[in-house]
Amino acid sequence: MAERPEVVNAVALTHPERIYWPRERVSKRELVAYYDLVAPWILPHVLGRPISMVRCPGGIGELATGAREGRTRIDPCFFHKHPGEDFPGPFERVTIVESAGPTEYLTITEAGSLTALAQMGVLEIHVWGSTWPDIERPDLLVFDLDPDAQITWRELANAARLCREVLGALGLKSFVKTTGGKGLHVVAPVAPSAGWEDVSEFCRRVAEIIVEAAPDRFTATMSKAKRTGKIYVDHVRNNRGATSIAPYSTRARDRAPVAVPLRWKELSGRVRPDTYTLKNLPLRLRGLKGDPWDGYAEAGRAQTARTAISRLPKP
DNA sequence: GCTGAGA
DNA sequence: TCTCAGCAACGCTCG
DNA sequence: CGAGCG
Ligand SMILES: [Mn+2]
Ligand SMILES: [Mn+2]
């Protein structure tokens with residue numbers, strides 16, 4: 001008799017034993033279980049947001065230590081923004097106009113969406129800074145702190161604290177998360193108000209304020225050459241169509257790291273940007289007293305970019 | 001992971 | 001029936 | 001404008 005396929009959240013899994021992370025021998029089945037477990041944590045941060053995906057249907061590859069920094073080797077992973085109808089699952093498909101014309105994006109609607117993503121080899125979930133259908137007015141500001149190799153953890157943590165201070169002075173409550181890579185994200189949820197142009201300009205100004213505070217430690221210029229020994233304050237996540245790694249998303253890197261919301265106080269402890277993984281995050285979640293991002297939803301209703309913009313010093 | 005062309 | 005090649009982003013910023 | 005970047 002024919003083998004009955006495993007089904008999770010009404011999504012049928014093909015090749016559940018497929019290894020996605022070879023070094024840790026993490027399978028598709030384990031990825032499905034991970035997202036099912038963290039669904040209550042991740043869903044508030046991804047529901048309704050257009051997503052871009054990093055897919056590695058055959059796994060991340062044997063020698064994949066860094067993201068995909070390997071050179072000669074062909075990258076087994078690829079970005080996917082506009083999956084067609086051959087990408088099944090309980091999603092809402094939304095049409096968004098880009099430079100080349102109307103295109104279709106997926107949005108996550110339920111835990112089954114996460115199962116379907118895992119089935120399709122999606123190892124990273126990247127989200128827009130706005131939510132369907134109000135996609136022209138951002139509801140999430142992201143400051144991506146990218147440290148050069150010689151930057152210490154203390155310096156990185158201090159950068160995040162400074163970012164928090166600058167935002168706080170403009171009336172914005174902010175939150176910090178690890179990325180699962182080398183850096184941190186400082187994010188501010190906002191009620192939709194201003195459009196992308198005003199919001200991206202505001203975020204650029206915030207980055208410039210941070211750089212002015214300590215030009216020897218920070219840069220707001222993207223080129224790697226100008227980052228030597230510094231922390232790049234990447235504000236370009238706040239442009240229409242740009243994305244950032246979703247909280248609780250796995251990363252397509254060795255060890256199966258995950259992006260994790262932290263309490264600010266944790267920056268003084270043992271945590272590092274790549275501390276948490278698909279394997280050890282469940283233990284952290286079980287031990288938590290409450291959401292490390294307590295007050296996040298409330299902040300996202302109470303504060304707006306428009307008000308913060310009005311508090312910027314005159315240029 | 002999926003599709004379609006070709007053996 | 002099977003195997004395998006092709007496919008799967010986009011837009012800003014810098015120089 | 002092309003290259004680099006995420
Ligand atoms: Mn980063
Ligand atoms: Mn970055």
Side-chain angles (χ1 to χ4, degrees), chain A residues 5-6 11-20 27-29 31-32 50-61 66-69 71 74-89 91 93 95-106 115-130 135 138 142-148 179-185 196-197 199-201 203-205 207-208 211 219-228 230-246 249 251-253 259 273:
Chain A
E6 294 182 29
V11 173
L13 306 184
T14 63
H15 310 293
E17 312 276 4
R18 170 90 76 227
I19 299 299
Y20 282 159
S27 66
K28 177 189 289 190
R29 181 183 290 121
L31 180 62
V32 168
I51 63 170
S52 296
M53 302 166 279
V54 173
R55 294 183 58 196
C56 325
I60 66 172
R68 273 158 301 292
E69 296 161 10
R71 0 189 21 80
I74 304 168
D75 193 340
C77 305
F78 58 92
F79 252 83
H80 205 171
K81 301 180 92 142
H82 311 303
E85 295 301 325
D86 59 354
F87 192 112
F91 302 102
R93 289 161 188 276
T95 298
I96 293 177
V97 177
E98 296 181 332
S99 304
T103 57
E104 197 163 83
Y105 280 81
L106 296 186
T115 312
L117 293 179
Q119 155 59 23
M120 294 298 283
V122 173
L123 270 47
E124 299 190 1
I125 302 169
H126 297 251
V127 292
W128 276 46
S130 61
I135 58 163
V142 179
F143 297 87
D144 171 21
L145 305 176
D146 292 334
D148 194 29
T179 63
K182 293 169 178 165
L184 294 172
H185 285 183
W196 284 109
E197 192 163 337
V199 166
S200 57
E201 182 190 345
C203 292
R204 192 193 69 237
R205 300 256 337 249
E208 287 166 356
V211 171
T219 177
T221 302
M222 180 166 44
S223 66
K224 293 230 164 150
K226 297 201 72 177
R227 295 194 206 178
T228 319
K230 297 183 180 179
I231 295 168
Y232 169 43
V233 184
D234 181 357
H235 57 91
V236 187
R237 305 300 91 219
N238 304 287
N239 284 346
R240 187 182 189 275
T243 59
S244 53
I245 192 69
S249 172
R251 303 307 302 265
R253 295 168 165 254

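For clarity, every value in this text was computed on a predicted model and none was experimentally measured.
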Tabulated below should be each protein N or O lying under 3.5 Å from an N or O of nucleotides 4-6 of chain B; please produce it.
none

Just checking [X]: base, sugar-phosphate only, or nothing, at a heavy-atom cut-off of under 4.0 Å?
X      : result
A:T243 : nothing
A:T221 : sugar-phosphate
A:S244 : nothing

Classify the angle between the aromatic ring planes of A:F87 and A:H80 as parallel (below 30°), tilted (30 to 60°) or perpendicular (above 60°).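 Perpendicular.
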
For the side chain of [X], starting at C-beta, report the closest nucleotide among [options].
X      : options               : value
A:N239 : C:dC10, B:dT3, C:dT13 : C:dT13
A:K81  : C:dA9, B:dT3, B:dG1   : C:dA9
A:D86  : B:dG1, C:dG11, B:dC2  : B:dC2
A:H80  : C:dA9, B:dG1, C:dT13  : C:dA9

side-chain hydrogen bond (donor to acceptor under 3.5 Å, both in side chains) involving [X] - partner list, sequence neighbours excluded:
X      : result
A:D144 : A:H185
A:T115 : A:N9
A:R240 : A:E136
A:T14  : A:K28, A:Q119

[N] phosphate, OP1 or OP2: any side-chain N/O from [X] under 4.0 angstrom?
X      : N      : value
A:R18  : B:dG1  : yes
A:K226 : C:dT13 : no
A:H82  : C:dC10 : yes

Give each protein N/O atom lying under 3.5 Å from an N/O atom of nucleotides 3-5 of chain D, with the pair distance.
{"unit_1": "D:dC5", "atom_1": "O3'", "unit_2": "A:R227", "atom_2": "NH2", "d": "3.1"}

Atom [atom1] of [X] to atom [atom2] of [N]: distance rounded to whole Å?
X      : N      : atom1 : atom2 : value
A:D144 : C:dC12 : CG    : C1'   : 15 Å
A:L106 : C:dA9  : CG    : P     : 11 Å
A:F87  : C:dA8  : CZ    : P     : 15 Å
A:E124 : C:dA8  : CD    : C1'   : 15 Å
A:N238 : C:dC12 : CG    : C1'   : 13 Å
A:F79  : D:dG6  : CZ    : C1'   : 7 Å
A:F78  : B:dG1  : CZ    : P     : 10 Å
A:R237 : C:dA9  : CZ    : P     : 18 Å

Do A:H235 and A:R204 meet the criterion of a side-chain donor-acceptor pair at a distance under 3.5 Å?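 Not at all, the side chains of A:H235 and A:R204 share no donor-acceptor pair under 3.5 Å.
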
Report yes if some heavy atom in the side chain of A:W128 is under 4.5 Å from a heavy atom in the side chain of A:I96; otherwise report no.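 The answer is yes, as the side chains (C-beta and beyond) meet within the 4.5 Å cut-off.
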
Do A:I231 and A:D146 touch side chain to side chain, with heavy atoms closer than 4.5 Å?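 No, side chains not in contact.
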
Please name all residues satisfying salt bridge (Lys or Arg N to Asp or Glu O under 4.0 Å) with [X], sequence neighbours left out, ordered by chain then number.
X      : answer
A:R205 : none
A:E197 : none
A:E98  : none
A:R29  : A:E6, A:E17

Give me the distance, rounded to whole Å, that separates B:dG4 from C:dA8 when you measure between the C1' atoms they each carry.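 Approximately 15 Å lies between the C1' atom of B:dG4 and that of C:dA8.
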
Roughly how many Å apart are C:dA9 and B:dT3, using the P atom of each and rounding to a whole number?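 To the nearest whole Å, 16 Å.
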
If the condition is ring pair (Phe, Tyr, Trp, His ring centres under 6.0 Å), which residues does A:H82 pass it with, not counting sequence neighbours?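 Only A:Y105 meet the ring pair (Phe, Tyr, Trp, His ring centres under 6.0 Å) criterion with A:H82.
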
Report all interatomic pairs (protein N or O, nucleotide N or O of nucleotides 5-7 of chain C) with separations under 3.5 Å.
none

